[in-house]
S.K.: 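Handing you this structure, nothing more for now.
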Amino acid sequence: MAAEETGRTPTNFIEDIIEEELRTGQRGGTVITRFPPEPNGYLHIGHCKSICLNFGLGLKYGGRTHLRFDDTNPSKEEQEYVNSIMEDVRWLGFDWGQHLYYASDYFDQLYEWAILLIKAGKAYVCDLTPEQVREYRGTLTRPGKESPFRNRSVEENLDLFERMKKGEFPDGSRTLRAKIDMASPNLNLRDPVLYRILRATHHRTGDKWCIYPMYDWAHGQSDWIEGITHSICTLEFENHRPLYDWFIDTIRELGGAPKGVNYRPRQIEFARLELTYTVMSKRKLLYLVKEGHVRGWDDPRMPTISGLRRRGYTPEALREFARRIGVAKFNSTVDVAVLENAIRDDLNKRAPRVMGVLRPLKLVIDNYPEGQVEELDAINNPEDPAAGTRKVPFSKVLYIEQDDFREVPPPKYFRLFPGQEVRLRYAYFVKCTGVVKDPVTGAVTEVHCTYDPATRGGDAPDGRKVKGTIHWVSAAHAVDCEVRLYDHLFTKPDPDEIDVPDNSAGQGDDKGTRKQGDKGRGAQAAGQSATDDAPDEYEMLAGSGSLDADPAHETAGGGPADASARPAWLNNLNPKSLEILAGAKLEPSVKGAAPGTRYQFERHGYFCVDPDSTAERLVFNRTVTLKDTWAKIEKKK
RNA sequence: UGGCCCGUGGUGCAAUUGGCAGCACGUCUGACUCUGGAUCAGAAGGUUCCAGGUUCGAUUCCUGGCGGGCCAGCCA
């Protein structure tokens, strides 16, 4: 309503729907959303989009947002994941207040509703094996067949279901199914399974149950129970909406509606986030973790919230990123540069600047007094005058960046080379007079120069200019540390793209490419899902894929059904995604910085103290480089 | 030869609900600068998937094509 008069601030299609409903007074005139993860893994940047969307809606319309764990599959879920998810959501800056829920809170209610359905003749216990169920389900183009157990009496169903609950039958031997329509063009309506028998200890209900509700049976009603007005989820649940509606409408007609809830949640689907040079499937992320291609879920190269946090991303940048990418209804891939730009924008305003030499080269000022140390003033953040200044020690022997010196400069090189004068930032003009080389290798080991004492602070009284300004660290005062440089985890914008050798090779170097996981029509005929991922509202089974009990169904890479085969997308892993610099030299002001502290290393980028740091040795992660036009020019050559 | 959903510059999204298609990122150019990286300015880039229809007027509404996505787990 407010948006009606005020403004033209662009809204997304979900907000349009909500505002229309608010205008017409539907669903109690409020907005209650929820973020419903399954606690089977760590959250990633795609979840971040969903979190910002859901909590953003609650905030924008003066409603609220629940955090609910959809914990209906105890064999995959763990308390550790619950904890990490809560930590990540909080860290992102969102608050669910008192509204922390679990689908497992509703197991009793769900069970009662199942009884209600059975009594109304709308659910039955089915003895078909999983294979038979699949056969009976039919195909996309052919209707299914009704189960021979479909018309059991209410009494028998009640008895059997009760005994399922009591644990009289082995795992997987029977299911409770809804009786809907085996001929429905929507496969979800072909008598979906409501309960399966599964003896697994649940992280919250322990061994109380040996039957567990399917996600489809639990999810929509959970939203309903909580009075969720708008169930925001991803596109692949579009086909499930009619089923959720059927469940709720049927229960309501049977008089089972929860007290005080007089509307049905409206489900609205949006497209998941895909990022270039990144994989966003939890199965693939898990694979990377398990196979040791990264150091864990929080490896700074991972697109997980915890990885990004460790890398040095801020919640503000992540929220801004979510705002910039928007929300729409068709699948798209966001350029990872948008993410990088968001963190640059944020850190540019806030990160204190510091001088750090990543690859040191000794610079000796021949005419500078031996043993003299000067404390020079340096600006902490040119974008923020309030950040003040600091003192940086200067002396005769310094370190400069290897890359800031060339014995033979390329054209338009602004930095140091024999005969060239540059400014040492905040210090003096120096002119290169010569080099010392390793007699064996011929490598430059030391650069010599003279300084102009009149240029103290960095300005020449005679008004002469220098083209280059380079950073430096006093050798005697330098803090040694380890710096970890990160690059994209994959070498291709689309990690699923694999090279296909050209048949007419010999002519031309054209290499064809194709999408891994492309579904030929044949794959479907084989009755095999070619789906590469299996998400919930952004979740998927952490343990599926190669670790799944049914390897024929889905493999780790969407590749051959041999679970031991190396997924093709792994070939696109970037071998240079991590570079460790052991001998970096930083100015002394960084001494004692706590893990998580962020700096801009001038002319390099933004860095963050890693938890691996010890009292003796700091470890820094490079969050993101600065934009580098020179590097871009170099690259083009 | 099923059903549902979606097609707007390279990419991601807008377009006040039918009024000459804008923004961001990326790209290119220039300015400025004690971070070559901050910042600022400018430019290029679109037959709004195609074809009909309604209308004075269609990105928007209708019809038909074409293209893409999702669905046949006792996963979520």
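Letters A, B, ... mirror the listed sequences (proteins, then strands); counts begin at 1.
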S.K.: Students often get this wrong, so: under 4.0 angstrom with heavy atoms, is Asp459(A) touching a base, only sugar-phosphate, or nothing?
M.R.: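 Contact class for Asp459(A): base.
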
S.K.: Under 4.0 Å between any heavy atoms, over every strand shown, what does Lys412(A) touch: base, sugar-phosphate, or nothing? Just pick one.
M.R.: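 Result for Lys412(A) = base.
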
S.K.: Do Arg603(A) and G36(B) share a donor-acceptor pair, side chain to base, under 3.5 Å?
M.R.: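 It does not, because no donor-acceptor pair links the side chain of Arg603(A) to the base of G36(B) below 3.5 Å.
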
S.K.: Would you call Lys492(A)-Asp494(A) a salt bridge at under 4.0 Å N-O?
M.R.: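 Not counted as a salt bridge, because no side-chain N and carboxylate O are separated by less than 4.0 Å.
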
S.K.: Base, sugar-phosphate, or nothing: which does Arg344(A) touch, judged by heavy atoms less than 4.0 Å apart?
M.R.: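 The residue Arg344(A) makes no contact with any strand.
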
S.K.: Would you call Arg456(A) and Glu374(A) a salt bridge, using N to O less than 4.0 angstrom?
M.R.: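 Looking at Glu374(A) together with Arg456(A), the answer is yes, because their closest N to O distance falls below 4.0 Å.
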
S.K.: Assign Thr129(A) to base, sugar-phosphate, or nothing according to its heavy-atom contacts below 4.0 angstrom with the strands shown.
M.R.: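 Base: the residue Thr129(A), judged by heavy atoms under 4.0 Å, touches a nucleobase.
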
S.K.: Using a strict threshold of under 4.0 Å (side-chain N to carboxylate O), is an ion pair present between Arg350(A) and Asp384(A)?
M.R.: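 Salt bridge between Asp384(A) and Arg350(A), a charged N being under 4.0 Å from a carboxylate O: no.
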
S.K.: Quick one: is Arg196(A) getting a side-chain N or O under 4.0 Å of the A76(B) phosphate, OP1 or OP2?
M.R.: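 So the side-chain polar atoms of Arg196(A) do come within 4.0 Å of the phosphate oxygens OP1 or OP2 of A76(B), strictly under.
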
S.K.: What's Ser332(A) touching, base or sugar-phosphate or nothing? Going by heavy atoms closer than 4.0 Å.
M.R.: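 Contact class for Ser332(A): sugar-phosphate only.
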
S.K.: Under 4.0 Å, counting only non-hydrogen atoms across every strand here, what does Phe321(A) touch: a base, just sugar-phosphate, or nothing?
M.R.: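 No contact.
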
S.K.: Using a heavy-atom cut-off of 4.0 Å across all strands, would you classify Met355(A) as base, sugar-phosphate, or nothing?
M.R.: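 Nothing, no nucleic acid heavy atom in range.
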
S.K.: Using only heavy-atom distances, decide whether a donor-acceptor pair under 3.5 angstrom links the side-chain of Gln600(A) to the base of U35(B).
M.R.: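 Present.
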
S.K.: With a non-hydrogen cut-off below 4.0 angstrom, is Thr72(A) in contact with a base, only sugar-phosphate, or nothing?
M.R.: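 Contact class for Thr72(A): sugar-phosphate only.
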
S.K.: Side-chain donor or acceptor of Asn239(A) under 3.5 Å from a matching atom on the base of G3(B)?
M.R.: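 Such a pair is found, so the answer is yes.
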
S.K.: Looking across every strand, which nucleic acid part, if any, lies under 4.0 Å from Arg177(A) by heavy atom: base, sugar-phosphate, or nothing?
M.R.: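 No contact.
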
S.K.: Counting any heavy atom closer than 4.0 Å, what does Tyr195(A) reach on the DNA or RNA strands: base, sugar-phosphate only, or nothing?
M.R.: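 Nothing: the residue Tyr195(A), judged by heavy atoms under 4.0 Å, touches no strand.
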
S.K.: Do we see Phe330(A) stacking on the base of G68(B), given a limit of 5.5 Å between centres and 30° between planes?
M.R.: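 Aromatic stack with G68(B) absent for Phe330(A).
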
S.K.: Checking Lys165(A) against Tyr111(A): charged group under 6.0 Å from the ring centre and within 45 degrees of the axis?
M.R.: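 Output yes; distance and angle both within limits.
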
S.K.: Checking the side chain of Lys49(A) only, and the main-chain atoms of Ala271(A) only, is there a donor and an acceptor separated by less than 3.5 Å?
M.R.: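 Pair found, side chain donor or acceptor close to backbone of Ala271(A).
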
S.K.: Base, sugar-phosphate alone, or nothing: which one does Val327(A) contact when heavy atoms must sit under 4.0 Å apart?
M.R.: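 Sugar-phosphate, backbone atoms only, no base.
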
S.K.: Heavy atoms under 4.0 Å, any strand shown: does Ile325(A) hit a base, just sugar-phosphate, or nothing?
M.R.: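 Sugar-phosphate, backbone atoms only, no base.
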
S.K.: Identify, between Leu626(A) and Leu198(A), the residue whose nearest nucleotide on RNA chain B lies closer to the 5' end.
M.R.: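 Comparing both residues, the 5'-ward one is Leu626(A).
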
